[in-house]
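These notes concern the structure reproduced below.
Per chain, numbering begins at 1; letters A, B, ... match sequence-line order. In this text the structure is predicted, and so the values were computed from the model without any measurement.
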Protein chains: 2
Amino acid sequence: MMQHKHEIISSDKALREKGFRVTKGRLKLLALLEHSGQPLSIQQILTLWKGTPPNVTTLYRSLTSLNLSEVVRRIDLNTGIAHFEYTPDRPHHHHIICNDCGTIEEIAGCSLRALEKEIVHSSKQFKNISTHNLEFFGHCIRCTKI
Amino acid sequence: MMQHKHEIISSDKALREKGFRVTKGRLKLLALLEHSGQPLSIQQILTLWKGTPPNVTTLYRSLTSLNLSEVVRRIDLNTGIAHFEYTPDRPHHHHIICNDCGTIEEIAGCSLRALEKEIVHSSKQFKNISTHNLEFFGHCIRCTKI
DNA sequence: TCACTATTGCAAATTATTTGCAATAGTGTA
DNA sequence: TACACTATTGCAAATAATTTGCAATAGTGA
């Protein structure tokens, strides 16, 4: 309980530091994302929303602010639409997506820091890597059997 | 010269094996992608096209076929639109993209095979990874100075 | 509590991508 | 080479995702 409270407060801070306001809608959106435990698309967010959902436009704008505040991460699962996941208090990680059914599995941890250093070291144009997107694709056992 | 011819012929084969036809438009598209040496968006392809460009619809359809033939790879650079790059005779690799100006630098090689094995080993739902998308983001030196 | 400005909702505009259909062009076979 | 078969193309129109403008509303600091 207290921990949950604590997370909300830290998201607050992240937003404020970027000059964004902490609104009820954004908090509810964050709670929804945190709760789902999965990267969600805009449509999925609207479906899961309890009560009157915000306007789609608002959702896009909120997610952009949250993303810039690094409280939410925007990821691309090769589906052509954006997905968003809650990031505070969760280690950076990646996913495997089933090419057939779309099942998403989270992969614990990420060991690419060393690789980033190497890249920055040998690159001429880049001396700084802020982040990376890594997603794996394959077939889950259910879809392999079929 | 001969080498170039050779590459075209192997793309031919890849298309045919998937039951696709080798058309003039597709060959020209492949040549364009190969030549640019960069992942290109649909709009960029149209801009770079010499002579009367194909219809956008055709471009989408051709790129889909080429992608299925594994002669072209569709990648997501977090820009919201699809990018396509030529793959034959080139080792699998990734990119760094500048968050400010969009500069794309190719990173030679890819060392994720071992990681893929580990993942498959510890995953319950996935026993097979067919591919992965990995892109790094940062600021190029030009944009860092500004 | 008040003034200032970011955020929201709504309608409408963009932009990316897909679909249907008739005309055209590749491909295998004779 | 000619022919039949069917994938591909172009065009128009439909979807789908995302963005923009503007007035009303709500969060923030003083």
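- With hydrophobic clusters built from ILVMFWY side chains whose heavy atoms lie under 4.5 angstrom apart, A/L115 does not share a cluster with B/F137.
- Nucleic acid contact for B/T57: base, since at least one base atom lies under 4.0 Å from a heavy atom of the residue.
- Of all the heavy atoms in A/F20 and A/R26, the pair that sits closest is CB-NH1, 3.7 Å.
- Base pairing analysis places C/dA22 opposite D/dT9; the two distances defining the Watson-Crick or G-U wobble pair are each below 3.5 Å.
- Comparing B/N55 and A/R16 along DNA chain D, the residue whose closest nucleotide (by nearest heavy atom) sits nearer the 5' end is B/N55.
- Remark: A/R90 engages A/E106 in a salt bridge, criterion side-chain N to carboxylate O under 4.0 Å.
- The footprint of chain B on DNA chain D, defined by a heavy-atom cutoff below 4.0 Å, extends from D/dT6 to D/dA12.
- Residue-level contact check: B/R26 touches the backbone only, with heavy atoms under 4.0 Å from sugar-phosphate atoms and none from bases.
- For B/K18 and C/dT27, the NZ to P distance is 18 Å, given to the nearest whole Å.
- No donor-acceptor contact under 3.5 angstrom links the side chains of A/E135 and A/H83, judged on distance only.
- More than 12 non-hydrogen atoms from other residues, nucleotides or ligands lie less than 6.0 angstrom from NZ of A/K127.
- Contact annotation for B/S62: backbone-only contact, meaning every heavy-atom pair under 4.0 Å involves sugar-phosphate atoms and none involves a base.
- Mapped onto DNA chain C by nearest heavy atom, A/G25 and B/F20 fall at different nucleotides, with A/G25 at the one closer to the 5' end.
- Criterion: ILVMFWY side-chain heavy atoms under 4.5 Å apart, direct or through other members. Under it, B/I81 and A/L63 are not part of a common hydrophobic cluster.
- A straight line from CZ of B/R61 to C1' of C/dA16 spans 15 Å, rounded to a whole angstrom.
- Across all strands shown, B/T58 has heavy atoms under 4.0 Å from base atoms, whether or not it also approaches the sugar-phosphate.
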